[in-house]
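Take a look at the structure set out below.
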Amino acid sequence: MTNVKAIAVVLLLLAGAASVRADEVGEAVKAARAAIREGDVDAGLARLEQAYETAPTDPRVVQNYAWALIVHRDDLTRAFEILYEHLERSPEDEYSRGLMRKIAAEAMEADPALARNAWFLLRRLDPSAREPLFQWALASYRLGDRAAARSALRELIDRFPSYADPYSLLAKVWLDEGRPERAADTYRDLIVQRPGDATARLKLANTLLWELRDYDAAVEEFAAATDLAPPGSEIAAEAAAQLANAKEQKALAERLRARNRTLGHWLLAILGVYFGIAFALTALTRPAPPAEA
Amino acid sequence: MKGASAPGFRIWLLLTAFFSGFSVMVLEMAAVRAMAPYFGASTYTWTNVIGVILAALSVGYFLGGRLIDRRPRAGVLYGILLAGALLCLLLPLVVRDVSRWLLPAADAAEGAVDLVNRASLVATLILFAPPVFLLGMISPMTIRLLVRPGQVGDVSGRVFAGSTVGSILGTFATTFWLVPGLGTRGTLALAGAVLTGTAIVGLLLAAFSRRTVAATAGAAVAAVLLIVGVARAGPLKTAADGLVQIAEFESAYQYLRVVETKDRDGTPLRMLQINEAEAAYQSVMRLDGVLTGGRYYDYYSILPLLLGAPERTDLRVLVIGLATGTIPRQLRHFYPEGLEVTGVEIDPEVVEAGHEYFDLPRDAEWLDIRVADGRVFLNQQPAGPRYDLIVIDAFSQEYYIPFHLATEEAFREAKSLLREGGILAMNVASYQIDSRLLEAIEKTVANVFGRAWRVDVRGYPNWMVFAMKDAKPEMTRLVNPPRRVVPEWDDLRTIAAEAVTSAVEIEPPADGGSPLTDDRAPVERLTDESVRRESRAVLTE
């Protein structure tokens with residue numbers, strides 16, 4: 001009994017110590033936040049850093065420290081490292097997931113490699129969500145890893161056929177690789193899923209006009225985009241402008257073909273005239289027959 | 001044949017053959033120059049001109065011989081020569097209008113090369129076939145008038161020799177003195193004047209009568225009027241709609257003009273165009289800054305980022321194909337500290353145009369301008385690495401890369417001049433990503449450097465092919481360059497990030513492939529292939 005009592009006392013003491021310590025950590029976090037609110041960001045961050053060294057697994061410390069690094073230091077890399085470890089342990093922490101999403105969004109332009117890693121983690125945490133996979137594909141594209149981007153985008157299209165963004169990015173990848181016909185097919189697939197999407201029509205039309213020079217099809221698609229776009233919208237204005245452009249390009253192409261045909265006729269006519277003159281002169285200058293002996 | 005047997009007249013007949021040969025070659029050499037502003041000076045144009053002139057000559061030889069046998073008179077020869085001479089004098093007055101009538105500026109679309117080639121063939125037939133046909137008659141006529149029994153071979157040989165010597169003189173004189181000194185129109189007029197004088201003297205020597213004097217006086221007056229017309233003729237080329245022509249001039253290499261227009265976003269844009277270009281350019285300057293709206297020049301300006309700029313401040317750059325200095329201007333703007341640029345340009349008139357119209361500095365310490373062939377310059381450099389970046393942006397005519405700047409040997413020369421980690425970059429004009437021209441150049445570069453990179457210049461038919469000496473470029477340096485407070489730096493950062501998304505690494509072919517070499521580099525044929533594919537895409541229904 002004595003041993004049991006002793007063990008119980010020790011356990012109670014430890015729990016108490018932990019509780020006291022947790023309270024200390026909680027107080028430290030509160031003090032750090034207060035300091036930051038009052039404008040002393042450096043002091044607040046120093047406290048949070050210290051708290052993190054003391055209690056690296058405390059969610060309050062991790063969340064606040066990461067938040068402060070993101071918002072006040074712009075140190076996305078350090079924040080990512082902290083949150084990554086935390087989310088490995090506590091994948092259900094929604095607030096931390098939100099912070100990781102913030103890192104990924106802010107890093108996309110400045111540091112797409114970091115953004116890609118962040119979205120990779122978010123994909124793992126929620127495999128059924130579409131946005132992390134798309135953003136991961138976008139980051140891959142920005143890093144020049146078009147093969148990875150293509151693969152991810154195809155998966156997205158298979159799983160979410162009416163989600164428009166992957167089609168647009170996939171078409172862009174195809175254009176980068178010099179496959180405009182594939183880009184056009186991608187837009188057509190999107191239009192099948194979303195027949196009322198003016199933007200999709202507009203993008204298809206631009207590909208048809210500028211990459212494939214299919215003027216008739218381009219004019220058709222621009223006209224469709226104009227009809228589908230909300231009146232007065234930017235898309236409507238762009239579609240109308242491009243429709244006029246496409247008609248101009250088509251007219252130019254037809255004019256060039258007509259001129260080429262005309263020149264061909266001129267060529268034949270001139271050669272005919274020259275040959276005629278040459279034959280006539282040849283006949284006129286026929287040598288006189290030798291005089292008979 | 002009156003007077004034909006007199007020794008003086010016989011000498012004049014030989015000189016007639018000489019002047020005729022001289023004028024035929026002047027016409028042939030000047031024909032391409034005269035039509036270059038409208039149809040370019042590509043291999044197709046040259047082929048059309050040479051083919052038509054040879055055909056006209058051969059018909060002239062044939063019919064001239066038959067005609068003089070029927071009417072063996074010196075008056076016939078000199079009458080035909082005079083007709084040819086007056087046609088020559090008429091040429092410079094009508095080349096522009098006939099060319100524009102066949103191919104209006106609005107139809108001279110970039111890429112429609114089949115159309116341009118066909119138009120140049122028709123123009124050559126209309127403009128140059130008739131006078132050359134007449135001149136072709138002169139040699140057989142001269143032989144017939146000079147020949148005596150038993151001397152056919154001797155007389156033929158003298159006439160051909162005299163005519164050929166005249167042709168040689170005409171060839172060299174046109175290129176080295178006449179066109180640079182008188183311009184193309186003046187050169188054509190000179191040929192016409194020489195022939196007119198020859199014909200008038202010949203007619204008077206053959207039959208000095210009141211009628212002959214009156215006819216020759218009339219011809220002289222006509223010739224003078226035509227020459228005056230040539231002297232007072234307007235510009236060689238008028239600007240198409242949307243272009244404002246600021247200056248035009250002819251150099252020994254090409255027809256040049258400076259025009260202004262509006263860029264796609266409405267910004268004023270000044271361009272240096274050569275030959276037949278209406279929308280294309282050899283050099284460009286936006287009047288609101290140094291970047292060129294995403295054109296390939298801007299992509300060269302991101303390469304110093306791979307070399308450690310802007311932190312690094314000792315860049316030494318060589319630009320082959322300086323033109324009017326677009327690239328040095330950008331580099332100086334973005335990386336001024338410690339920058340030294342050597343610019344090589346083959347055409348001194350282009351450099352002068354750069355000074356006059358494109359803010360190319362004349363005596364800047366950081367810029368050393370050399371007028372030279374780019375390959376010759378490379379060959380003449382003392383051995384040893386000295387450059388961090390070598391840019392090859394040279395084109396002859398509108399879209400041909402000079403083959404001797406796109407071979408393994410040329411790239412090896414350039415590589416030997418690069419410091420460790422230095423970059424060689426080249427502008428390749430290709431309408432298609434899968435053109436054999438682009439493939440040949442990128443594989444040749446990859447062969448020499450171990451690997452190469454190809455970047456798509458979005459929105460333009462250009463590609464930047466580059467390679468790094470003995471190192472692999474850290475492409476991530478393009479993804480997130482440091483921020484700076486320099487005008488247009490953010491635009492450059494955007495271009496850098498875009499470049500990464502289209503960059504493709506090129507490995508050398510496992511078996512060595514068929515790189516372009518000094519011995520075999522069909523660059524023009526591969527370029528023609530690419531251009532003709534584009535042309536078929538535009539012109540095929």
Side-chain angles (χ1 to χ4, degrees), chain A residues 107 109-115 138-146 149 169 172-173 175-180 210-216 249 252-271 273-275 277-288, chain B residues 55-56 59-60 62-71 102-104 106-109 111-112 114-123 125-126 129-130 133 432-435 438 456 458-459 475-476 478-480 483 493-494 497-505 534-535 537-541:
Chain A
E109 199 178 308
D111 191 351
L114 178 64
L138 180 60
S140 299
Y141 172 73
R142 291 246 172 105
L143 284 167
D145 190 353
R146 286 189 301 280
L169 185 56
K172 204 162 179 224
V173 173
L175 287 174
D176 282 345
E177 299 197 337
R179 308 288 299 273
W210 299 112
E211 304 291 339
L212 293 166
R213 266 190 225 87
D214 188 343
Y215 302 112
D216 291 329
Q249 294 291 319
L252 173 64
E254 282 167 2
R255 206 171 70 232
L256 293 181
R257 287 181 205 129
R259 184 158 293 279
N260 205 29
R261 278 194 302 273
T262 303
L263 284 170
H265 298 151
W266 269 103
L267 187 57
L268 290 173
I270 288 167
L271 287 174
V273 167
Y274 283 174
F275 272 117
I277 292 173
F279 279 127
L281 287 175
T282 304
L284 285 171
T285 55
R286 191 179 300 124
Chain B
V59 176
F62 174 72
L63 288 173
R66 287 168 77 98
L67 181 60
I68 200 66
D69 276 348
R70 292 284 292 234
R71 296 170 70 85
L102 289 172
L103 188 66
D107 290 356
D114 284 343
L115 174 63
V116 175
N117 292 340
R118 187 173 280 189
S120 83
L121 178 58
V122 176
L125 281 168
I126 292 175
F133 161 67
Q432 305 88 18
I433 192 173
D434 61 346
S435 75
L438 183 57
D456 179 9
R458 294 186 193 284
M475 298 298 279
T476 49
L478 299 180
V479 174
N480 187 19
R483 293 201 179 271
R493 290 177 86 246
T494 303
E498 284 276 324
V500 175
T501 62
S502 74
V504 172
E505 187 171 344
E534 172 72 4
S535 181
V538 173
L539 294 175
T540 302
E541 298 189 70

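Keep in mind that the numbers below use all heavy atoms, side chains included, and drop hydrogens, waters and symmetry copies. Just so you know, these numbers come straight off a predicted model, no measurement behind them.
Side-chain N or O atoms of Arg286(A) include none that pairs as donor or acceptor with a backbone N or O of Arg66(B) at under 3.5 Å. Remark: side-chain polar atoms of Tyr274(A) are not paired, donor with acceptor, to backbone N or O of Ala129(B) under 3.5 angstrom. Side chain of Arg118(B) to backbone of Asn260(A): a donor-acceptor contact under 3.5 angstrom is found. Between the side chain of Arg142(A) and the main chain of Ala497(B), no donor-acceptor pair closer than 3.5 Å is present.
Among Val479(B), Asp456(B), Asp434(B), the residue with the largest count of heavy-atom pairs under 4.5 Å with chain A is Val479(B). When the candidates Thr476(B), Val122(B), Leu63(B), Leu103(B) are compared by the number of heavy-atom contacts under 4.5 Å with chain A, Leu63(B) comes out ahead. Between chain A and the options Val504(B), Ile126(B), Thr501(B), Ile433(B), the largest number of non-hydrogen pairs under 4.5 Å is found for Thr501(B).
In this structure, the portions of Ala119(B) lying under 4.5 Å from any heavy atom of chain A include both its backbone and its side chain. For a residue to count as touching a neighbouring chain, one of its non-hydrogen atoms must lie under 4.5 Å from one of that chain's; by this rule Leu478(B) does not touch chain A. Only the backbone of Glu177(A) comes within contact range of chain B, with heavy atoms under 4.5 Å apart.
With respect to Arg493(B) and Glu109(A), no salt bridge is recorded, no charged nitrogen being found less than 4.0 Å from a carboxylate O.
Under the 4.5 Å side-chain criterion, counting only non-hydrogen atoms from C-beta, Leu143(A) is not in contact with Val500(B).
A distance of 10.0 Å separates CG of Leu281(A) from CZ of Phe62(B), quoted to the nearest 0.5 Å. A distance of 9.5 Å separates CG in Leu115(B) from OG1 in Thr262(A), rounded to the nearest 0.5 Å.
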